[in-house]
Student: 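First the structure, which I've put down as structure tokens, then a few questions once you've had a look.
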Amino acid sequence: MGAPRWVLHVDLDGFIAAVERLRRPELVGKPVVVGGTGDPTQRGVVATASYEARAFGVRSGMPLRTAARRCPHAVFLPTDPPAYEAVSVQVMETLRTFPAVVEVVGWDEAFLDVAVADPEDLAQRIQHAVLARTALTCSVGIGDNKLRAKLATGFAKPGGVFRLTEATWWPVMGRRPTHALWGVGDKTARKLAALGIRTVADLAASDVGELARRFGPTMGPWLRRLARGEDRTPVAAGPYVAKSRSRETTFQRNLTDWDAVRAEVAALARRVAQDVVVEGRPAVRVGVKVRWAPFETRTRSVGLPTPSSEAAVIEAAALTALEGFEPGREVRLVGVRAELDRAGP
DNA sequence: TCTGGGGTCCTAGGACCC
DNA sequence: TCTGGGGTCCTAGGACCC
């Protein structure tokens, strides 16, 4: 008889802002907003805000200009991905010292599949180990599957531990809006509300046939399972295998010159080609994204006759895809994406 | 609130084939 | 000549997440 299985979801508190504060102790206690180039007069959005900045209504995803209006005295910093990556590696190494299957979900998040009698005790030991190694605090959600562990973390923040299982699902989640579920965003919540489905309990009790009609054969039934906290997705230890690689740029000023658009697409395609080489699997399809001003996004893509990792091939394909667009309007953003071969080189 | 960048997965229509 | 139904691939778009 082994100990019971649990899923733990570990999530660093305000990760990016916390890493910046670590490097610059003078930021401790101050509102800090990280995002874009660090210049709040430029186009860009908030990647993370410290809890001091959040008190002024600054949120991730918010335009930097808006953040500056809400919290003018905040310290604005550019994002520094290599620095966060380095700290993230230390965090994940620390998690792997525990007897668990570890699935890394992002820079600052991981699932652990564990078999222990006292998951709260393990959660606290993880918090202490991460703090000792990186001086960062994290929150831990405990669940009987990934979905419940992930949602539990929201109740654990900041710095706490929370358990959510089948036994407590209804008292904790039943009366919350569907938007509280992991995978239900603004659009779906609104669509559900139009059907009279407002809470998690409403969704759990709704007609699965109706959901399938409105949301499709896969999404419909999945939504109802979500509302019941049902999830059998395993914690996957395997190394992350990318399905696509992409690069995109939003211009500080919209481009009006199509030659400049072509040049930018070519440059992005060469960067994507470098990423493809690093992945070690060739591209099978290349796509281009154009965002017209003010904010209308369109994509075009072409399959490659033969899978390739060559910069010249990927660049040529991107420029071919770009020909599917009618020039003449102002361009806010361009992007290039490569879909990778699933099988291998 | 004038809206980044990097991903994943699902849906749906049309082409094409049997 | 007119007609069916299903399966699969290709492509674009949408929704969501960190």
Side-chain angles (χ1 to χ4, degrees), chain A residues 9 11-12 14-16 33-48 56-71 78-79 81 84-85 88 104-110 146-147 150-151 153-154 178-179 181-192 212-223 226 233 236 240-252 254 268 271-272 275 279 284-304 321 324-325 330 332-340 342:
Chain A
H9 179 251
D11 193 323
L12 280 291
F15 178 64
I16 292 176
V33 177
V34 186
T37 61
D39 178 352
T41 67
Q42 296 222 315
R43 283 180 174 169
V45 298
V46 176
T48 329
F56 289 87
V58 178
R59 297 283 178 270
S60 359
M62 173 182 282
L64 289 175
R65 282 181 233 262
T66 309
R69 218 175 301 130
R70 296 204 177 180
C71 192
T79 45
Y84 316 138
E85 176 64 31
S88 175
V104 177
V105 188
W107 273 341
D108 63 341
E109 267 184 65
K146 285 168 82 173
L147 169 62
K150 167 77 184 177
L151 291 173
T153 307
T178 58
H179 196 270
L181 293 166
W182 187 37
V184 177
D186 283 338
K187 299 291 171 110
T188 304
R190 228 178 292 252
K191 252 174 104 175
L192 288 168
R213 262 194 306 284
R214 302 276 182 162
F215 295 93
T218 302
M219 294 289 291
W222 172 75
L223 281 169
L226 198 61
T233 319
Y240 174 72
V241 179
K243 298 186 173 63
S244 67
R245 297 302 313 254
S246 68
R247 297 278 180 172
E248 63 184 55
T249 308
T250 294
F251 305 110
Q252 285 303 324
N254 298 337
L268 289 170
R271 290 181 66 186
V272 167
D275 298 338
E279 284 300 324
V284 294
R285 180 166 204 87
V286 175
V288 169
K289 171 154 86 174
V290 171
R291 180 119 74 209
W292 306 106
F295 204 78
E296 183 193 327
T297 308
R298 292 287 179 266
T299 61
R300 290 288 180 275
S301 65
V302 295
L304 297 182
F325 293 93
E330 290 194 17
R332 180 187 174 93
L333 165 151
V334 293
V336 174
R337 190 173 79 96
E339 263 177 53
L340 302 176
R342 308 207 163 211

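Note on naming: letters A, B, ... go to the chains in the order of the sequence lines (proteins, then strands), and numbering restarts at 1 for each one. Basis for what follows: all heavy atoms, side chains included, without hydrogens, waters or symmetry-related copies.
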Student: When you look at A:Leu304 and A:Val286, which way does the side chain to side chain contact (heavy atoms under 4.5 Å, CB included) test go after all the steps?
Tutor: CA-CA 7 Å; A:Leu304 297 182; A:Val286 175; 4.2 Å; yes
Student: Within the 4.0 Å heavy-atom criterion, would you say A:Leu64 contacts the bases, only the backbone, or no part of the nucleic acid?
Tutor: nothing
Student: Working note: A:Leu64 + A:Gln42, criterion side chain to side chain contact (heavy atoms under 4.5 Å, CB included); need CA distance, chi angles, decisive distance, verdict.
Tutor: CA-CA 7 Å; A:Leu64 289 175; A:Gln42 296 222 315; over 6 Å; no
Student: Taking atom P in both B:dT3 and C:dC18, compute the distance separating them and give it to the nearest angstrom.
Tutor: 23 Å
Student: Go nucleotide by nucleotide along DNA chain B from the 5' end; which of A:Thr218 and A:Pro294 gets its closest nucleotide reached first?
Tutor: A:Pro294
Student: So where does chain A start and stop touching DNA chain C, 5' to 3', when the test is distance under 4.0 Å to a non-hydrogen atom?
Tutor: C:dT11 to C:dC18
Student: Under 4.0 Å, counting only non-hydrogen atoms across every strand here, what does A:Ile16 touch: a base, just sugar-phosphate, or nothing?
Tutor: nothing
Student: When all nucleic acid strands are considered with a 4.0 Å heavy-atom cut-off, which category describes A:Trp107: base, sugar-phosphate, or nothing?
Tutor: nothing
Student: Where the side chain of A:Arg214 meets the backbone of A:Gly220, is there a donor-acceptor pair that is under 3.5 Å apart?
Tutor: no
Student: Base, sugar-phosphate alone, or nothing: which one does A:Ser60 contact when heavy atoms must sit under 4.0 Å apart?
Tutor: nothing
Student: Using a 4.0 Å heavy-atom cut-off, does A:Gly216 contact any base of the nucleic acid, only the sugar-phosphate backbone, or nothing at all?
Tutor: sugar-phosphate
Student: Show the numbers, then the answer: is there a side chain to side chain contact (heavy atoms under 4.5 Å, CB included) between A:His9 and A:Glu109?
Tutor: CA-CA 7 Å; A:His9 179 251; A:Glu109 267 184 65; 2.8 Å; yes
Student: Under 4.0 Å, counting only non-hydrogen atoms across every strand here, what does A:Thr79 touch: a base, just sugar-phosphate, or nothing?
Tutor: nothing
Student: Under a 3.5 Å cutoff on both atom distances, Watson-Crick or G-U, what's the dot-bracket for DNA chain C ([ ] crossing, | other strand)?
Tutor: ....||||||||||||||
Student: If you look at every strand shown and take non-hydrogen atoms under 4.0 Å, does A:Gly106 touch a base, only sugar-phosphate, or nothing?
Tutor: nothing
Student: Heavy atoms only, 4.0 Å cut-off, all strands: where does A:Ala67 land among base, sugar-phosphate and nothing?
Tutor: nothing
Student: Could you tell me whether the side chain of A:Leu333 reaches within less than 4.5 Å of the side chain of A:Val290, counting heavy atoms only?
Tutor: no
Student: Reckon A:Phe15 touches a base, only the sugar-phosphate, or nothing at all at heavy-atom distances under 4.0 Å?
Tutor: nothing
Student: Would you find a donor on one side and an acceptor on the other, under 3.5 Å apart, between the side chain of A:Arg332 and the backbone of A:Trp292?
Tutor: no
Student: Tell me what A:Met62 touches on the nucleic acid: a base, only sugar-phosphate, or nothing, going by heavy atoms under 4.0 Å.
Tutor: nothing
Student: Can A:Glu296 and A:Arg298 be counted as an ion pair, charged N to O under 4.0 angstrom?
Tutor: yes
Student: Which part of the nucleic acid does A:Val184 contact within heavy-atom distance under 4.0 Å: base, sugar-phosphate only, or nothing?
Tutor: sugar-phosphate
Student: Please report the C-alpha distance between A:Trp107 and A:Ile16 in whole Å, then the side-chain angles of each, then the deciding distance to 0.1 Å, and finally whether the side chain to side chain contact (heavy atoms under 4.5 Å, CB included) criterion is met.
Tutor: CA-CA 9 Å; A:Trp107 273 341; A:Ile16 292 176; 3.9 Å; yes
Student: Both A:Leu333 and A:Arg69 contact DNA chain B. Taking the nearest nucleotide for each, which residue is further toward the 5' end?
Tutor: A:Arg69
Student: Have a look at A:Lys150 and say if it touches a base, only the backbone sugar-phosphate, or nothing, with a 4.0 Å heavy-atom cut-off.
Tutor: sugar-phosphate
Student: Using a 4.0 Å heavy-atom cut-off, does A:Arg59 contact any base of the nucleic acid, only the sugar-phosphate backbone, or nothing at all?
Tutor: nothing
Student: Would you check if the side chain of A:Gln252 reaches a backbone N or O of A:Arg43 as a donor-acceptor pair within less than 3.5 Å?
Tutor: yes
Student: Hey, what do you get for CG (A:Leu340) to CG (A:Asp275), rounding to the nearest 0.5 Å?
Tutor: 9.5 Å
Student: Determine the interplanar angle of the A:Phe15 and A:Tyr84 rings, folded into 0 to 90°, and report it as parallel if under 30°, tilted if 30 to 60°, perpendicular if over 60°.
Tutor: perpendicular
Student: Heavy atoms within less than 4.0 Å of DNA chain C: which residues of residues 284-292 of chain A have one? Give them sorted by number.
Tutor: A:Arg285
Student: Output yes when a side-chain donor or acceptor of A:Arg247 lies under 3.5 Å from a complementary backbone atom of A:Arg271, and no otherwise.
Tutor: no
